[in-house]
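I have placed the structure first, in the form of structure tokens, so that the comments after it can refer back to it.
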Amino acid sequence: GEFYVHVSSFRTPEQAGYAAKKLSESGLPSTVHRQLIRDVQWYRVYMGPYSSHDDAVRLANRLRDEGTITYYKVLRLGAGEETEELPLSR
């Protein structure tokens, strides 16, 4: 299956889109997914996909050590995650 690295959440699609675009431009393909959590709309930034959980964790640990990201959670999208991918503005 495909694994993604959740790196941040924002309340607006603009903020999330900006964060995802910066990651993508630095060579880390990223997408934004809209998700409703306890009646609050969130826009989550995910890096990926990665072919294995280990690959995703290795990369995320390295990026955290470098200070590129401060938080991460590796997961499979679609496994109980009600998300909708949003297109990144160019």
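Being a predicted model, the structure only gives us computed values, none of them experimental.
For Ala16 against Val45, the heavy-atom pair with the smallest separation is O-CG2, 3.5 Å. In plain terms, the two heavy atoms of Phe3 and Ser52 that are nearest each other are CD1-C, 3.6 Å. Scanning all heavy atoms of the two residues, the minimum distance from Ala60 to Val5 falls at CB-CG1, 3.9 Å.
The salt bridge (charged side-chain N to carboxylate O under 4.0 Å, His left out) search around Arg58 returns Asp55, not counting sequence neighbours. Checked against side chain to side chain donor-acceptor pair (under 3.5 Å), Ser9 has the following partners two or more places apart in sequence or in another chain: His6. Considering only residues two or more places apart in sequence or on other chains, Arg11 meets the salt bridge (charged side-chain N to carboxylate O under 4.0 Å, His left out) condition with none of them. Residues satisfying the side-chain contact (heavy atoms from CB on, under 4.5 Å) test with Glu25, not counting sequence neighbours, are Lys21. Not counting sequence neighbours, the partners of Thr31 by the side chain to side chain donor-acceptor pair (under 3.5 Å) test are His33. Under the side-chain contact (heavy atoms from CB on, under 4.5 Å) criterion, Pro29 pairs with no residue, sequence neighbours left out. Shown here are the side chain to side chain donor-acceptor pair (under 3.5 Å) partners of Tyr43, two or more places apart in sequence or in another chain: there are none. Residues passing the side chain to side chain donor-acceptor pair (under 3.5 Å) test with Asp54: none are found, sequence neighbours excluded.
For the pair Glu2 and Arg76, the minimum side-chain heavy-atom distance is 4.5 Å or more. Side-chain contact between Tyr50 and Leu59: present, with at least one pair of heavy atoms (C-beta onward) separated by less than 4.5 Å.
How far CD1 of Ile37 is from CZ of Arg44: 3.5 Å, rounded to the nearest 0.5 Å.
Within a 6.0 Å sphere centred on CZ of Phe10, heavy atoms belonging to other residues, nucleotides or ligands number more than 12.
Cluster partners of Tyr71 are absent, since no Ile, Leu, Val, Met, Phe, Trp or Tyr has side-chain heavy atoms less than 4.5 Å from it.
Trp42 and Met47 sit in two unconnected hydrophobic clusters of ILVMFWY residues. Membership requires side-chain heavy atoms under 4.5 Å apart, directly or through other members.
Across Thr70, Leu23, Leu28, Thr68, a single residue satisfies side-chain contact (heavy atoms from CB on, under 4.5 Å) together with Val7, and that is Leu23.
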